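This report concerns only the one structure given below.
Chain naming here is simple, since letters A, B, ... match the order of the sequence lines and numbering starts at 1 in each. Excluded from the calculations below are hydrogen atoms, water molecules and symmetry mates; all remaining heavy atoms, backbone and side chain alike, are included. Since we're looking at a predicted model, the values are computed, not measured.
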Amino acid sequence: MSARPDSREYPRWDADKVYRVLCSKYPDAAWKQRHFRSPFQILILTILSAQTTDRQVDAIADSLFSRYPDSAALASALTPELEGIIHSTGFFHAKARHIMGASRVLHETFGDKVPDDMASLLTLPGVGRKTANIVLYHAFSKNEGIAVDTHVRRLANRIGFSSSQDQDRVENDLMELFPEGSWGHLTDVFIAHGRRCCMARGPLCEQCPISCYCAFFKKR
DNA sequence: ATCCCGAGGG
DNA sequence: CCCTCTGGAT
């Protein structure tokens with residue numbers, strides 16, 4: 001079955017303790033967008049956030065949603081105009097296709113309502129497991145999985161929770177290690193740590209509260 | 001130069 | 001597993 005070593009014989013790290021330590025370090029880790037965005041807006045902004053900073057996406061959010069307030073409007077958008085609005089977030093050709101396609105499916109198949117289950121979300125163009133997990137948790141408070149972005153993957157790789165580069169495998173490795181009800185919040189906490197401490201370059205290992213468990217730290 | 005709260009395709 | 005797609009921030 002699992003190639004994961006038995007934690008009683010190989011106590012390399014204590015997953016539960018790592019999670020608790022990070023929770024106390026980042027009590028405000030929740031992604032702010034969920035506090036005032038609708039499911040539709042969370043979906044679109046999450047698609048747009050691929051390989052971009054959230055600041056760059058926030059910067060164009062108001063002009064995007066005042067021009068296209070719902071999925072019906074976005075489904076019939078003119079590509080050049082839409083691309084002009086989202087241009088600064090990068091990958092704008094693909095992103096315009098994705099959010100228009102997703103809006104069209106929402107309009108024609110889901111009655112202009114964002115579905116709240118994984119299988120339906122994955123039928124939307126531009127929505128993979130990462131985006132679906134973000135929407136499920138932040139728009140519907142559902143813990144169906146862990147959203148694996150570059151921060152979560154890097155953190156999981158470094159500490160030794162997963163050795164895979166594949167998002168789905170990293171997610172499965174993490175889901176085996178952490179209790180089901182924690183997955184949504186765990187995503188936010190891991191991302192917070194990846195951004196503020198366990199950065200790609202120049203990680204702040206000296207002030208990292210879980211470096212004692214970290215395979216990457218021991219090797220440097 | 002290198003990375004960013006990725007998806008789709010090979 | 002790999003690659004490509006893009007602009008902006010650092």
Side-chain angles (χ1 to χ4, degrees), chain A residues 3 22 26 28-37 39 41-61 63-64 79-80 82-105 118-140 142-158 161-174 183-204 216:
Chain A
L22 291 184
Y26 307 105
D28 59 337
W31 200 18
K32 62 182 181 203
Q33 285 182 346
R34 75 171 167 175
H35 295 308
F36 61 98
R37 298 291 185 186
Q41 294 188 342
I42 290 175
L43 171 69
I44 299 302
L45 292 179
T46 308
I47 294 175
L48 287 177
S49 72
Q51 283 302 112
T52 318
T53 59
D54 50 346
R55 285 175 45 205
Q56 287 173 265
V57 175
D58 289 340
I60 60 99
S63 52
L64 177 66
T79 301
L82 176 58
E83 288 186 346
I85 295 176
I86 67 173
H87 177 271
S88 62
T89 67
F91 296 124
F92 58 92
H93 291 304
K95 286 176 180 176
R97 255 190 294 115
H98 289 157
I99 64 179
M100 285 177 68
S103 295
R104 193 168 298 127
V105 176
M118 176 65 75
S120 298
L121 285 169
L122 290 179
T123 68
L124 302 175
V127 178
R129 284 196 62 88
K130 186 269 172 182
T131 301
N133 279 142
I134 293 287
V135 171
L136 285 168
Y137 181 61
H138 288 285
F140 301 113
K142 285 190 163 186
N143 283 275
E144 291 201 17
I146 295 168
V148 179
D149 72 332
T150 110
H151 294 301
V152 174
R153 188 180 65 187
R154 183 176 63 250
L155 181 52
N157 286 162
R158 280 181 176 170
F161 288 154
S162 174
S163 58
S164 177
Q165 298 304 119
D166 182 81
Q167 289 178 224
D168 290 347
R169 287 186 194 168
V170 173
E171 185 184 1
N172 278 326
D173 290 340
L174 291 175
W183 291 344
H185 182 60
L186 179 123
T187 298
D188 284 339
V189 167
F190 271 36
I191 289 173
H193 190 61
R195 297 181 71 182
R196 303 184 209 175
C197 183
C198 192
M199 298 97 77
R201 277 179 305 169
L204 310 174
F216 175 79

Point to revise | Donor-acceptor side-chain pairing of Thr52(A) and Lys95(A) below 3.5 angstrom | key: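 Judged by distance alone, the side chains do pair up.
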
Exercise for review: Check the side chains of His138(A) and Asp188(A) for a donor-acceptor pair under 3.5 angstrom, ignoring hydrogens and angles.
Suggested key: yes

Rounded to the Å, how far apart are [X] [atom1] and [N] [atom2]?
X         : N      : atom1 : atom2 : result
Asp54(A)  : dC3(B) : CG    : C1'   : 14 Å
Ile191(A) : dC3(B) : CD1   : C1'   : 15 Å
His98(A)  : dG6(B) : NE2   : P     : 14 Å
Leu136(A) : dC5(B) : CG    : P     : 21 Å
Ile47(A)  : dG6(B) : CD1   : P     : 13 Å
Lys130(A) : dG8(B) : NZ    : C1'   : 16 Å
Leu43(A)  : dC5(B) : CG    : P     : 19 Å
Ile42(A)  : dC5(B) : CD1   : P     : 17 Å

Study note, to complete from the structure: Nucleotide by nucleotide, nucleotides 2-10 of chain C touches protein heavy atoms under 4.0 Å in the pattern (B base, S sugar-phosphate only, - none) ---BBBSSS

Review point. Taking OP1 and OP2 of dA7(B), is either one under 4.0 Å from a side-chain nitrogen or oxygen of Gln167(A)?
Key: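 Checking dA7(B) against Gln167(A), a side-chain N or O does come within under 4.0 Å of OP1 or OP2.
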
Review point. Quick one: is Arg154(A) getting a side-chain N or O under 4.0 Å of the dC4(B) phosphate, OP1 or OP2?
Key: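 Indeed, a polar side-chain atom of Arg154(A) lies that close.
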
Review point. What is the nucleic acid contact for Ser164(A), judged by heavy atoms within less than 4.0 Å: base, sugar-phosphate only, or nothing?
Key: sugar-phosphate

Exercise for review: Report which part of the nucleic acid Val152(A) touches: base, sugar-phosphate, or nothing (heavy-atom distance under 4.0 Å, all strands).
Suggested key: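 Val152(A): no heavy atom of the nucleic acid under 4.0 Å.
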
[atom1] atom, [N] versus [M]: distance in rounded Å?
N      : M      : atom1 : value
dT2(B) : dT4(C) : P     : 16 Å
dC5(C) : dC3(B) : C1'   : 15 Å
dA7(B) : dG8(C) : P     : 22 Å

Point to revise | Crowding at CZ, Arg154(A) (>12 non-hydrogen neighbours, <6.0 Å) | key: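 Buried by this count: over 12 neighbours within 6.0 Å.
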
Review point. Mapping Ala50(A) and Ala200(A) to their closest nucleotides on DNA chain B, which lands nearer the 5' end?
Key: Ala200(A)

Practice item. Take Asp149(A) and Leu122(A), find for each the nucleotide of DNA chain B with the closest heavy atom, and name the residue whose nucleotide sits nearer the 5' end. Key: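 Per heavy-atom nearest nucleotide, the more 5' residue is Asp149(A).
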
Check your understanding: Should the ring pair Phe161(A) and Phe190(A) be called parallel, tilted or perpendicular, given that the plane angle runs from 0 to 90° and is split at 30 and 60?
Key -> parallel

Review point. Would you call Arg195(A)-Asp54(A) a salt bridge at under 4.0 Å N-O?
Key: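 So Arg195(A) pairs with Asp54(A) through a salt bridge.
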
Review point. Please walk me through it: do Gln56(A) and Ser88(A) pass side chain to side chain contact (heavy atoms under 4.5 Å, CB included)?
Key: CA-CA 7 Å; Gln56(A) 287 173 265; Ser88(A) 62; 5.6 Å; no

Check your understanding: Run the side chain to side chain contact (heavy atoms under 4.5 Å, CB included) check on Trp183(A) and Thr187(A) step by step: do they pass?
Key -> CA-CA 6 Å; Trp183(A) 291 344; Thr187(A) 298; 5.6 Å; no

